[in-house]
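Notes for the one structure printed next.
Below, read A as the first sequence line, B as the second, and so on, with proteins coming before strands; counting in each chain starts at 1.
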Amino acid sequence: MKVVSWNVNSIRARLENVLRWLDEEAPDVVLLQETKCIDEAFPRDFFEDRGYNVELYGQKTYNGVAILSKHPIEDVQRGLSNFEDDQARYIEGVVNGYVRVASVYVPNGESKESPKFTYKMQFLDALREYLPDRLFTDEVFIVGGDYNIAPTPQDITMEEKWEGSVMCTPAEREQFQALLSSGFIDIARKFHPYGKEETPDLTTWWNYRAGAWQKNDGLRIDHLLVSRSNAGMVKEMGVHRHTRGWEKPSDHAPVWCAVER
DNA sequence: ATGGTAGGGATCCTA
């Protein structure tokens, strides 16, 4: 099974690109972030026509997450049950009996000084407390999403420009490490460890502004966290970075992994 | 050099 996470920055604006990508890659499960519409406005027919089941947790204008799956989606949860939040940033479900998946859109934080940064930290606290309760021995749990955190300087193509700014602060990185410590691995760095000469560029996000894509000025902020106990079921991962070069692209590229029982 | 672009939807907010 191929499981992919993609921050599409509006499902309606991105529909043509997402369908083109679906037809190329035929993923089994898609975890979407920043759908930016209420559930009634989600273009679900286009996905159902291609054989996907659709579960939504949307809101008007901002945020919004979704799961598309060729298998039926069971045990669906919307939002973090331990966190009061009026923003739609988390949806979870079980597919094919043994793969629990979640789509998470961690707050951006804006800047270290912003109240939104405090909210980001609170959301991450709640996520870290919530996720371990969702680990079951007979399932692999893949928490995919836009974490808005570059875990190390090696996840930044222009380190000197970004280091220390929002997404690249020690506080955010401690949160990311704490998430891993709660029972997960960063699957990208299982297959492509830090510090190896042949490590590929795993950047997932390039700002729309100032020609960031053309300069390859980007960050690895989209991640697939996989439950440590069953992480051996994940055989491979990658980033579909070519989609960032398409007309009318999302500012994020899909990050995918292959799962086998 | 503190800009730049994109999306939603309202004439600004968020990223």
Side-chain angles (χ1 to χ4, degrees), chain A residues 5-21 31-44 46 56-66 79 85-91 103-124 127 144-151 155-169 171-173 175-176 203-223 239-255:
Chain A
S5 172
W6 195 5
N7 178 326
V8 291
N9 185 22
S10 169
I11 190 63
R12 289 177 293 176
R14 215 64 57 213
L15 186 59
E16 196 177 325
N17 274 8
V18 173
L19 295 177
R20 174 183 172 185
W21 168 81
L31 308 168
L32 297 172
Q33 302 90 38
E34 277 208 271
T35 54
K36 288 189 168 177
C37 64
I38 59 172
D39 296 349
E40 292 73 21
F42 193 99
R44 63 186 301 148
F46 290 90
L56 304 172
Y57 188 39
Q59 72 176 84
K60 191 179 173 184
T61 311
Y62 304 118
N63 312 309
V65 285
D85 196 354
D86 57 6
Q87 303 190 20
R89 296 182 173 276
Y90 183 92
I91 187 170
S103 177
V104 62
Y105 177 43
V106 174
N108 170 281
E110 188 179 37
S111 71
K112 283 178 284 190
E113 300 77 21
S114 171
K116 296 197 192 85
F117 193 85
T118 308
Y119 166 60
K120 181 178 194 173
M121 288 295 144
Q122 291 168 341
F123 183 92
L124 287 162
L127 189 64
D146 175 3
Y147 287 77
N148 274 312
I149 301 172
D155 299 300
I156 309 172
T157 59
M158 296 187 179
E159 180 186 336
E160 64 295 335
K161 172 179 167 178
W162 285 93
E163 211 32 34
S165 61
V166 72
M167 300 190 276
C168 310
T169 66
E172 291 161 287
R173 286 173 173 167
Q175 287 278 19
F176 191 79
T203 301
T204 64
W205 172 80
W206 300 259
N207 203 320
Y208 285 123
R209 293 180 276 197
W213 167 247
Q214 287 74 14
K215 292 184 279 194
N216 192 26
D217 171 11
L219 309 178
R220 189 176 74 92
I221 57 175
D222 298 86
H223 307 295
V239 178
H240 291 143
R241 69 182 280 148
H242 67 286
T243 61
R244 185 61 178 83
W246 286 354
E247 286 295 308
K248 211 169 152 42
S250 169
D251 46 348
H252 296 253
V255 55

I'd like the [atom1] distance from [M] over to [N], given in whole Å.
N	M	atom1	result
dA10(B)	dA6(B)	C1'	16 Å
dA1(B)	dC12(B)	P	29 Å
dG9(B)	dT14(B)	P	14 Å
dA15(B)	dG3(B)	C1'	16 Å

Whether S103(A) side chain and I91(A) backbone form a donor-acceptor pair below 3.5 Å: no
Under 3.5 Å, side chain of E34(A) to main-chain N/O of N7(A), donor-acceptor pair present? no
How many Å lie between [atom1] on [X] and [atom2] on [N], as a whole number?
X	N	atom1	atom2	answer
W162(A)	dA15(B)	CH2	P	14 Å
E34(A)	dG9(B)	CD	C1'	15 Å
Y62(A)	dA15(B)	OH	P	8 Å
Q87(A)	dA15(B)	CD	C1'	12 Å
N63(A)	dG7(B)	CG	P	17 Å
R12(A)	dG8(B)	CZ	P	6 Å
Q33(A)	dG7(B)	CD	C1'	16 Å
I221(A)	dA15(B)	CD1	P	12 Å

Identified side-chain hydrogen bond (donor to acceptor under 3.5 Å, both in side chains) partner of K36(A) from the options N63(A), N9(A), T61(A): N9(A)
Contacts of R173(A) meeting side chain to side chain donor-acceptor pair (under 3.5 Å) (sequence neighbours excluded), chain-then-number -> E163(A)
Enter the distance from Q87(A):CD to F123(A):CZ here, rounded to the nearest 0.5 Å. 9.0 Å
DNA chain B nearest-nucleotide lookup for I11(A) and Y105(A): closer to the 5′ end is I11(A)
By nearest-nucleotide position on DNA chain B, the 5'-leaning member of S10(A) and N108(A) is S10(A)
Does atom OH (Y208(A)) have a neighbourhood of more than 12 heavy atoms from anything else shown, all under 6.0 Å? yes
Classify R89(A) by what it touches in the nucleic acid, base, sugar-phosphate, or nothing, heavy-atom distance under 4.0 Å. sugar-phosphate
Any idea which of dG9(B), dG8(B), dA15(B) is nearest the K60(A) side chain? dG9(B)
I need a per-nucleotide contact map over nucleotides 1-6 of chain B, read 5' to 3'. Cutoff is protein heavy atoms under 4.0 Å; write B for the base, S for backbone only, - otherwise. ---BBS
Could I get the full list of ring pair (Phe, Tyr, Trp, His ring centres under 6.0 Å) partners for F117(A), not counting sequence neighbours? none
